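Please read all numbers here as calculations on a predicted model, not as lab measurements.
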Amino acid sequence: MDRENYYILLELDIDPPEKDPARIDAAIKRMQANWSRLRNHPTKGIQAKNYIGLIPEIRKVMSDPELRDAEAIAAIQKTREKQGEIFAEIDRHLTLHLSKGYISNQEIAKLAELHHIDEEDIRARIKLMEEEKLVELDSQLGLRMAKGYMTQEEVSKLAKAHGMTDKDLKKRINVPIRKVGSTEKTKGKSLDKSLEKVINDNLRIVGFSSLYEFLGVPETTSIELLQKTARKKESQVLKIAKKDAMVTASGILAGQCSAVFRDQESRASYDISRGRSRLKDLEADIDVAGIDGKIRSQYFEILVKTAQDLGMDQDEAKSFIKNYCGKQKYTIEGMERKKLSKNQIIAVAASLLLLCLLVGGGLVALNAMQAKGAFQDVASRALAQPDLEKRLVIYRDYLSYQDPNKYTEQVNELIAQTQDLIARNKEKAALDALDKQVGELLASNQFGAVLALWNQHLKDYPKGSQTAQVKSKIKETEEAYDTFQFKALETLHSADTDVRIAAYVNYLASHPKGKHKEEVTKLIWNLGEEYFVFLQRRIDLAARQENWGQAIQYCEAYTRVFDNNRAKQLSREKETFQKRLKDQSSYEDLVARATRHGTDYDAAMQEYNEYLSLYPQTTARDKILEQIKGLQVLKYQARINRAETDMRSRLSTSKRFMEKSPGIVLDRKTGLTWTLLHSQVTLGDCMDYDFAKDYVENLSIEGAQGWRLPSAKELDDFYKTDAGYPVDSGLVFWTNKSFPRYADGAMSERVVVVPGESGAQEFQMDSRKCAAVHAVKK
């Protein structure tokens with residue numbers, strides 16, 4: 001990475017890497033503020049401006065989980081490289097002193113003073129070097145033990161290389177040691193493949209590389225101590241109450257430790273398996289190099305170096321690679337030793353003669369040689385590059401600057417193989433991460449989430465190498481989920497009917513082919529009548545509350561599950577509720593339209609009346625009639641309010657009349673109390689005499705009662721034109737004076753007065769005719 005690492009640039013933690021978006025955003029803002037202050041700095045300004053320009057790219061990388069993880073890995077590597085540079089000189093000096101087999105306290109003190117660090121740091125570095133040396137030794141031993149035995153020659157050679165005695169080295173060997181030249185056919189037995197996979201899968205979950213590291217003991221630990229440590233570890237894990245993925249994996253590994261380290265033979269099988277697994281990577285590289293059946297000399301040198309990095313010496317590396325190539329029938333360039341036959345000699349001679357004849361075409365041959373050299377060079381550089389993405393770049397660069405030739409197809413094939421390997425590695429990494437996440441979810445019985453993760457993995461890698469394995473895991477999870485949910489159903493016997501039905505239906509939806517499908521279906525049908533009664537009560541309540549939508553949902557809740565006579569009954573009820581729901585919605589829209597007319601009550605009533613004429617069968621008819629009635633009351637009240645306001649305005653300058661309480665007027669001249677308005681205004685119509693008497697007897701204004709019909713004289717005095725009470729001329733009022741009925745009893749005559757310009761006029765009128773009333777009281 002040529003640019004600045006964003007974790008280091010933002011001063012974020014890398015061990016473990018910071019992943020909190022809020023903290024990352026805060027770090028970006030903090031550094032942005034710092035860079036902004038330095039923009040005009042004479043020496044740091046240019047760099048600060050460059051950093052500010054990187055902010056969009058920084059945000060993009062740090063907000064993408066994959067890019068951020070790659071950035072964190074690069075930061076760790078860069079930090080280690082930097083630390084390595086710091087300690088490189090110290091390590092050289094320590095190596096020099098340790099070459100005699102030890103280092104004195106005086107030498108440690110001088111080195112600490114020379115490099116300006118504490119003596120304890122020097123001692124820690126010595127300890128680390130010793131541990132690294134032992135790790136390297138154990139790696140070399142593992143490779144040699146992978147064949148199931150070691151020779152005495154190998155033991156002596158390694159002991160000498162690491163400055164140890166044969167006796168000390170043998171303490172770290174867990175396989176038989178054969179003498180050189182022995183004909184003994186000892187062959188080591190590795191662990192069962194399935195058992196090895198279980199161990200490695202769980203080691204990945206807990207983050208350890210071996211069972212030794214899991215137990216926290218060296219690889220040279222005695223078999224007795226290994227057994228004791230395994231038992232102690234297993235006991236510790238069993239005491240942990242909360243079972244998450246880490247605890248579950250630890251429990252499995254503790255059990256495997258007891259099994260693997262039960263005796264020396266089983267332990268040796270485990271060590272052999274570890275050694276052989278490391279050789280598989282080397283064999284895979286040899287297969288890539290021999291893709292066309294031939295190992296080129298450049299490839300061979302790289303493969304030898306790779307083998308040496310694994311812990312072989314040069315002779316062992318060459319021997320291993322040659323033997324493997326022999327098994328795979330790969331030829332190694334420059335090592336063919338076959339004797340040429342007579343026909344081959346003639347062919348070679350003919351080729352030389354032909355070559356002489358084609359000197360004029362030498363340029364073509366030269367180009368071919370150059371193409372071959374370029375291909376061999378790019379293949380060599382690519383194979384030496386462990387980063388597969390960078391290896392792809394090398395291949396693609398070759399295709400971009402080389403004209404198509406006979407090696408183009410091989411490079412394309414190498415690109416395809418590398419891409420496939422990248423995809424496999426990516427899939428494996430995703431699967432490893434998924435295994436850990438799945439373990440945590442299963443520990444809390446979140447089977448649905450687990451199935452979603454597995455199925456998403458299949459979508460992400462539809463043609464992955466692990467598809468069959470993932471499908472198998474999905475099947476196992478579905479079966480476990482089936483059992484878990486069915487057991488949960490057995491605990492619902494005392495729950496409400498709707499809760500049980502919902503749980504049973506959910507089981508069938510989640511497991512359409514579940515093992516307990518028939519049992520659950522029977523449970524549902526046995527609840528049919530009980531569920532109907534349960535829902536009918538709720539339907540009745542919803543109907544009383546006119547909550548038609550809820551009533552419809554209750555009906556559907558039953559008909560979704562059952563297909564019987566009760567379901568047909570509820571289907572009919574549902575249709576009624578749907579009609580009411582539709583009418584209710586129309587009614588609400590109608591009310592909204594009518595309300596928009598405001599105080600224009602006639603227009604609002606017209607809206608309702610027109611709707612009733614269009615939809616006379618609406619279920620909201622009673623509500624609409626109530627609305628009309630309410631509007632009529634409002635209209636009446638508005639009319640009365642206008643009339644009272646008008647009358648109060650007309651009386652405002654009068655000294656004779658005074659409104660002593662709302663709707664009641666005092667005549668100061670006579671001392672009588674009158675209603676503010678007469679009946680022609682309040683009722684909007686006249687009345688016959690019998691109705692008039694009932695009207696005044698039942699009249700109550702602001703709680704005031706005891707009203708009566710006035711006499712002709714009271715009316716005459718009240719309506720005199722000289723400062724009399726305002727009234728429209730021509731009105732006829734009933735008085736309290738009556739005459740006898742006609743002889744046949746069919747009708748009576750009563751006295752009435754008509755206020756006019758010259759006062760009240762008195763005459764008789766049939767009691768069944770119509771006149772107004774102006775009530776009076778003391």
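Using the six-membered ring where Trp is involved, Y507 and H516 have ring planes that are tilted, between 30° and 60° apart. Taking the six-membered ring where the residue is Trp, H457 and W454 present perpendicular rings, their angle passing 60° and hence far from 30°. Between Y558 and F532, the angle of the ring planes goes over 60°, which puts this pair in the perpendicular group of the 30/60° scheme. Below 30°, between 30° and 60°, or above 60°: for Y725 and F718 the angle between ring planes is below 30°, a parallel geometry.
Residues R648 and E644 are paired through a salt bridge, judged by an N-O separation under 4.0 Å between the basic side chain and the carboxylate. Ion pairing of R538 with D498 is absent here, as no side-chain N (NZ or NE/NH1/NH2) approaches a carboxylate O to less than 4.0 Å. Salt bridge annotation for R500-E530: present, with a cationic side-chain nitrogen under 4.0 angstrom from a carboxylate oxygen. Using a cutoff of 4.0 Å between basic side-chain nitrogens and carboxylate oxygens, K713 and D717 are scored as salt-bridged.
Pairs of residues two or more places apart, or lying in two chains, never qualify as salt bridge (Lys or Arg N to Asp or Glu O under 4.0 Å) while including a residue from residues 676-685. Listed by first then second residue, pairs satisfying side-chain hydrogen bond (donor to acceptor under 3.5 Å, both in side chains) with a partner in residues 700-709 read R708-E714, not counting sequence neighbours.
Residue E66 qualifies as open at atom CD: its count of foreign heavy atoms under 6.0 Å is 12 or below. For Y615, the OH atom sits in a loose shell: 12 or fewer heavy atoms of surrounding residues, nucleotides or ligands are nearer than 6.0 Å. Counting non-hydrogen atoms of other residues, nucleotides and ligands closer than 6.0 Å to NZ of K522 gives a total of 12 or fewer. Atom CZ of R23 has 12 or fewer heavy atoms from other residues, nucleotides or ligands within 6.0 Å. Counted within 6.0 Å of NZ on K436, heavy atoms from surrounding residues, nucleotides or ligands total 12 or fewer; the atom is thus considered open. Within a 6.0 Å sphere centred on CG of D563, heavy atoms belonging to other residues, nucleotides or ligands number 12 at most.
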* Kindly indicate, with the supporting measurements, whether the criterion side-chain contact (heavy atoms from CB on, under 4.5 Å) is fulfilled by T735 and S711. => CA-CA 5 Å; T735 71; S711 66; 5.8 Å; no
* Residues D646, R642; criterion salt bridge (Lys or Arg N to Asp or Glu O under 4.0 Å); working and verdict -> CA-CA 6 Å; D646 178 63; R642 288 194 300 270; over 6 Å; no
* To do: Give the intermediate values and the outcome of side-chain contact (heavy atoms from CB on, under 4.5 Å) for residues Q680 and L731.
  => CA-CA 9 Å; Q680 191 70 25; L731 282 177; 4.2 Å; yes
* Asked: Does the salt bridge (Lys or Arg N to Asp or Glu O under 4.0 Å) test come out yes or no for K669 and D667, once each step is laid out?
  -> CA-CA 5 Å; K669 180 179 178 181; D667 185 349; over 6 Å; no
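Counting heavy atoms from C-beta outward, V561 and I524 have side chains that approach closer than 4.5 Å. Contact of the L442 side chain with the T248 side chain is not registered, since no non-hydrogen atoms from C-beta on lie closer than 4.5 Å. Between F691 and V773, the closest side-chain pair of non-hydrogen atoms is not below 4.5 Å. At least one side-chain heavy atom of L54 sits under 4.5 Å from a side-chain heavy atom of Y6. Looking at I640 and Y636, their side chains come closer than 4.5 Å, going by heavy atoms from C-beta outward.
Between W674 and F657, a ring centre-to-centre spacing not shorter than 6.0 Å is recorded.
With no hydrogens or angles considered, no side-chain donor-acceptor pair links K579 and T619 at under 3.5 Å.
Closest of all the heavy-atom pairs between P726 and M647 is O-CE, 3.9 Å.
Using a distance-only test at 3.5 Å, with no hydrogens or angles considered, no donor-acceptor pair links the side chain of D25 to the main chain of P21. In this structure a side-chain-to-backbone donor-acceptor pair under 3.5 Å is missing from S585 to L581. Judged by distance alone, with hydrogens and angles left aside, the side-chain atoms of S649 form no donor-acceptor pair with the main-chain N or O of T645 at under 3.5 Å.
Residue H511 is tested with Q485, E479, K517 for a side-chain hydrogen bond (donor to acceptor under 3.5 Å, both in side chains); the sole match is Q485.
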With a 3.5 Å cut-off and sequence neighbours excluded, list the donor-acceptor pairs that the side chains of residues 539-548 form with protein atoms.
residue, atom, partner, partner atom, Å
D540, OD1, Q536, NE2, 3.2
E546, OE1, K623, NZ, 2.5
N547, OD1, Q550, N, 3.3

